[in-house]
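Working notes, structure below.
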Amino acid sequence: MDYKNIYERWVNSSNITEEERNQLKSMTEDEVYEAFYKYAEFGTAGMRGIMGLGTNRLNTYTIRMAAKGMADMLGEGASVAVAYDTRNNSVEFADETAKVLAAAGIKVYLFDRYSPVPLLSFAVRHLNCDGGVVITASHNTSEYNGFKVYDNTGCQMNTELAGKIAANIAALNDELNIPVVSLDDDNIQHVGDEVIEAFLKAIDGIGDFGDKEAVSNLDIVYTSIHGSGRDYVLEALENAGFNNVTLIQEQAEFDGDFPTVKKPNPEDKAAFTIAEGVAIPQKADIIIGTDPDCDRIGIGVVEGEKVTYLSGNQAGALLIDYLARTGNPEGKKLITTIVTGEMGPMIAKSYGVEVTKVLTGFKYIGEIMNNMNLDEYFMGYEESYGYLPGTHARDKDGVSAALSICQMAAYWKAQGKTLADVLSELYAKHGYWIDRQQSFTFEGSEGEKKIKQLMVDLKASGKEVFSKVSEVKEVLDYNEGIDGLPASNVLKYVFGNGSWIAARPSGTEPKIKFYYCITAKDAEGAESIYEEFVKCIQTLI
């Protein structure tokens, strides 16, 4: 159906409110097109998009569509856990999800407070649910929200299951007329304390090296960046004996506008500006910060009057080294992704840890966990600041990662070293690596076309462009299904010395991402090569 016809159907529907009708009528032609030219796409990460009216937006009606599609896949009698973060409309969207699922005869366990993604993943397993939903857009800016779906293992849904939901959504006759019940329906049960206590108990002691004095001596500054992680991270640290934790009050309030940051993303150093202003005069040891749904965590190492921020790859390498030193790593398995840097796997192998690489997305790490002996699990992580040091969940976990990171920092502080010191030692042993990411954002329908064309152009001319800097040893097109992995829209250029560059359109944001993994004898040499490759990418863009 033409987008204008769909728009007119919405305007004339008796199922929308008068306020919504007036909003629709006030749209410009361009706004109508962007809001209605397609239906919000449902993939393995569920659905994520800008909030507003329209089929290509996140709103009451598109949330109901997604919930109905999931309900029709699971069938009457199934059970689903539903959680939500601190974003605008997250509570309302979670309620709508519960009301649709309950109307379809599904038992709903609806959280009674803001909850991190890893808690939902844990809850699905703990409550023996058939699936799970989190209303979140992770670290996206404030205009976004999403509907993230999980299977009965607490893992993000695979392609087959997500495809069934998508097909059910496409088969709906009228997205504006989906049956709902009230929130006091017998099929809706609110959950909270018991599940949270079980979750915190499950992560207690992960990475613990047994030195209570060292733990109590660590000075930590924590920011939740207005997100759902606040109470969970604080309690996990307190339970482990960390009694010197400063919460950044200016960013502690639950607020979906994220008023103190441009982006609520711990990958962005600017998110730590306020925390830095507290940590330096306080002479803290580290800063940690979690994103709104608390699946990602960033780290700043306080060194006198400056803070050194660790990349996801650097933090992963440090965690691998720490967990191996303080545990029994031999024969265990590290699971990471094809766009995560090489230093972490290199360190893991030096301790006798096996390395498995999967496609981008923690669902692939979760799938491997579901098909292995968990006694052999060492750690899972990806370069985008996501880590899972335990087996309690099947998604990245900013709560357990915060605990392990602080234990690691305490372990090294007791030996007179900062995490930055230890990282330098690892570089001396394993070679210097630059692991960075560069993103280019292209909004809307024209942006989609631009990103697709960039991948076409890159495939056609990338080898020639990059060869001006370094000999291209191998071009890996993951659309062709490499190393037994499912086909994926990723291009990777491998160079003679083991360095590589990968390109990948984001699955959740209107971006194309470039990943750099550059090695050289020293920092100066690696920076020089990196800068030349950045110029190559700018030429392609």
Side-chain angles (χ1 to χ4, degrees), residues 311-314 316-317 320 333-350 353-361 364 381-384 426-440 451-506 512-541:
S311 71
N313 281 298
Q314 290 171 330
I320 290 165
K333 296 179 180 178
L334 172 74
I335 313 168
T336 188
T337 72
I338 59 172
V339 296
T340 298
E342 301 299 327
M343 187 173 172
M346 186 180 292
I347 294 169
K349 290 174 184 176
S350 75
V353 176
E354 297 178 26
V355 178
T356 298
K357 291 192 176 184
V358 297
L359 295 178
T360 308
Y364 297 111
Y381 84 110
E382 54 188 5
E383 51 72 42
S384 56
L426 291 174
Y427 282 142
K429 183 176 180 180
H430 298 282
Y432 191 85
W433 294 83
I434 284 178
D435 294 293
R436 293 177 190 160
Q437 185 192 119
Q438 189 176 23
S439 297
F440 297 90
I451 290 170
K452 288 178 181 177
Q453 188 59 48
L454 280 170
M455 289 299 288
V456 171
D457 294 344
L458 187 63
K459 186 174 181 179
S461 60
K463 184 175 182 179
E464 179 184 351
V465 171
F466 294 138
S467 292
K468 295 173 184 177
V469 179
S470 182
E471 178 190 358
V472 177
K473 181 181 177 182
E474 191 176 14
V475 181
L476 302 175
D477 183 353
Y478 285 88
N479 261 329
E480 298 175 358
I482 293 171
D483 295 331
L485 298 173
S488 182
N489 192 16
V490 180
L491 283 170
K492 195 171 187 177
Y493 294 82
V494 183
F495 306 102
N497 70 344
S499 299
W500 52 258
I501 293 174
R504 168 185 164 266
S506 172
I512 182 169
K513 297 183 176 182
F514 292 89
Y515 303 82
Y516 301 87
C517 180
I518 310 298
T519 187
K521 291 180 181 179
D522 53 34
E524 186 179 358
E527 285 288 351
S528 177
I529 297 170
Y530 167 74
E531 288 170 7
E532 290 301 313
F533 278 130
V534 168
K535 291 176 184 176
C536 291
I537 298 297
Q538 289 171 339
T539 299
L540 287 164
I541 293 294

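Residue numbers start at 1 and run along the sequence shown. Everything numeric here is computed off the predicted structure, so don't read it as measured data.
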- Task: Begin with the C-alpha distance, continue with both residues' side-chain angles, and end with the deciding distance and a verdict on side chain to side chain contact (heavy atoms under 4.5 Å, CB included) for Ile541 and Gln538.
- Result: CA-CA 5 Å; Ile541 293 294; Gln538 289 171 339; 5.7 Å; no

- For Tyr432 and Asp522, what are the C-alpha separation, side-chain angles and deciding distance, and is it a side chain to side chain contact (heavy atoms under 4.5 Å, CB included)? CA-CA 6 Å; Tyr432 191 85; Asp522 53 34; 5.6 Å; no

- Salt bridge check: are Lys357 and Asp483 linked by an N-O gap of less than 4.0 Å? no

- Query: Can you tell if the side chain of Glu342 reaches within under 4.5 Å of the side chain of Thr519, non-hydrogen atoms only?
  - Reply: no

- Do you see a donor-acceptor pair shorter than 3.5 Å between the side chains of Ser499 and Asn497? yes

- Message: So that I can tick it off, tell me whether Lys513 and Glu383 are bridged by a salt bridge, with the cut-off set at under 4.0 angstrom between side-chain N and carboxylate O.
- Response: no

- Message: Could you go through Phe514 and Val339, starting from their C-alpha distance and side-chain angles, then the distance that decides it, and tell me whether this counts as side chain to side chain contact (heavy atoms under 4.5 Å, CB included)?
- Response: CA-CA 9 Å; Phe514 292 89; Val339 296; over 6 Å; no

- Message: Between Phe533 and Phe495, is the ring pair (Phe, Tyr, Trp, His ring centres under 6.0 Å) condition met? List the steps.
- Response: CA-CA 12 Å; Phe533 278 130; Phe495 306 102; 4.6 Å; yes

- Check whether the side chains of Trp433 and Gln314 place a donor and an acceptor atom closer than 3.5 Å, and report yes or no. no

- With respect to Gln438, which candidate in Ile537, Ile501, Ile512 satisfies the side chain to side chain contact (heavy atoms under 4.5 Å, CB included) definition? Ile537

- Task: Consider only side-chain N and O atoms of Thr356 and Glu354, and report whether a donor and an acceptor are under 3.5 Å apart.
- Result: no

- Message: Strictly distance-based, threshold 3.5 Å: is any side-chain N or O of Ser467 a donor or acceptor partner for the main-chain N or O of Lys463?
- Response: yes

- Full working for side chain to side chain contact (heavy atoms under 4.5 Å, CB included) between Asp477 and Glu480: CA-CA 6 Å; Asp477 183 353; Glu480 298 175 358; 3.8 Å; yes

- Task: Please confirm whether the backbone N or O of Gly341 pairs with a side-chain atom of Asn313, one donor and one acceptor, at under 3.5 Å?
- Result: yes

